[in-house]
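Whatever order the structure lists ligands and atoms in, that order sets their numbers, starting from 1. Basis for what follows: all heavy atoms, side chains included, without hydrogens, waters or symmetry-related copies.
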Amino acid sequence: MTWIDLGNPSPKLETDRYTPYEWDNSKKCIILDDPNAFIPIPFTEVMFKRKSQRYFKTTSIEHLSYLLWLTNRVKDQVDSTMGFPLTLRPVPSAGAIHPIHILLNSPNMDTWWRYDPFSHSLKSITKEHVFFHTVRESCQDILNCNTASIMLLVAEPQKTLSKYSDGASLVWRDAGVLLGNLALAATYLDINFCPLGALFPKKINDGKQLVTVGMSVIDAINIECN
Ligand SMILES: Cc1cc2nc3c(=O)[nH]c(=O)nc-3n(C[C@H](O)[C@H](O)[C@H](O)COP(=O)(O)O)c2cc1C
């Protein structure tokens, strides 16, 4: 067995400064509506019902909005000396750093979208787009996702590493926490959801500032964009 020891994370005595990855925000943007009411369903019912689903229907963008709002939106933020704010979201993250971005592509749409958890909106991926061309094809080899949306968890590990020595495992654990909570929230919202173990694309930008740390296939989100 090859077990890669990622070390024992510990907070640095002095944190490093990190300049977050700059996405191009000038292109298409879809503002998602804040949910105004939720149908109460017992937590236990959601826990009992959660199951990986491998058949996918089409669902509305409101469902995606609710899924992202329930798991990833920024509820509160505080300044830090690390070069980016710490954020409080529904799901925990080591050091409140939240190094993971959620990206999504719907079937028959070329565009990849990034969730902006500060403004609860979707922003189209532009300059990185070329790296995502083959993701859908690669997923198709694992699971029939012709009629599904694909979700990627893309991390900026250096955010976490600016606070922690040997912090790589924290990024992976953040990805697991997020994936698990997405699966539960998807169950609550009646969105079919299946985690994937594969990690695509292999490369997003030169220098590995962005790396894929998780994937899932979910109901096809009907994204209409003018
Ligand atoms: C990290 C992770 C990776 C997974 N990768 C795949 C995958 O590549 N293909 C797949 O069909 N299911 C995948 N699954 C789903 C598991 O197969 C599933 O959780 C397991 O069979 C238990 O079934 P349940 O989720 O319905 O309880 C993955 C689950 C996790 C947590």
Go through the steps to decide whether Tyr66 and Phe38 satisfy the test ring pair (Phe, Tyr, Trp, His ring centres under 6.0 Å), and finish with yes or no.
-> CA-CA 9 Å; Tyr66 282 33; Phe38 284 103; 5.2 Å; yes

Any idea which atoms of ligand 1 are less than 4.0 Å away from a heavy-atom of [X]?
X	value
Ser52	15 (C), 18 (C), 19 (O), 24 (P), 25 (O), 26 (O)
Arg50	24 (P), 25 (O), 27 (O)
Cys194	10 (C), 11 (O), 12 (N)
Gly197	3 (C), 4 (C), 5 (N), 6 (C), 7 (C), 8 (O)
Leu143	11 (O)

Salt bridge Lys123-Asp116, side-chain N to carboxylate O under 4.0 Å = yes

Test Tyr21 against every option in His101, Glu156, Glu128, Gln158 by the side chain to side chain donor-acceptor pair (under 3.5 Å) rule and name the one that passes.
-> Glu128

Closest candidate by heavy atom, reference atom 21 (O) of ligand 1, pool Gln53, Lys51, Arg54 | Arg54

To the nearest 0.1 Å, how far is [atom] from its closest protein heavy atom, and which atom is that?
atom	value
atom 1 (C) of ligand 1	Leu179 CD2, 4.4 Å
atom 9 (N) of ligand 1	Leu196 CD2, 3.8 Å
atom 14 (N) of ligand 1	Pro195 O, 3.3 Å

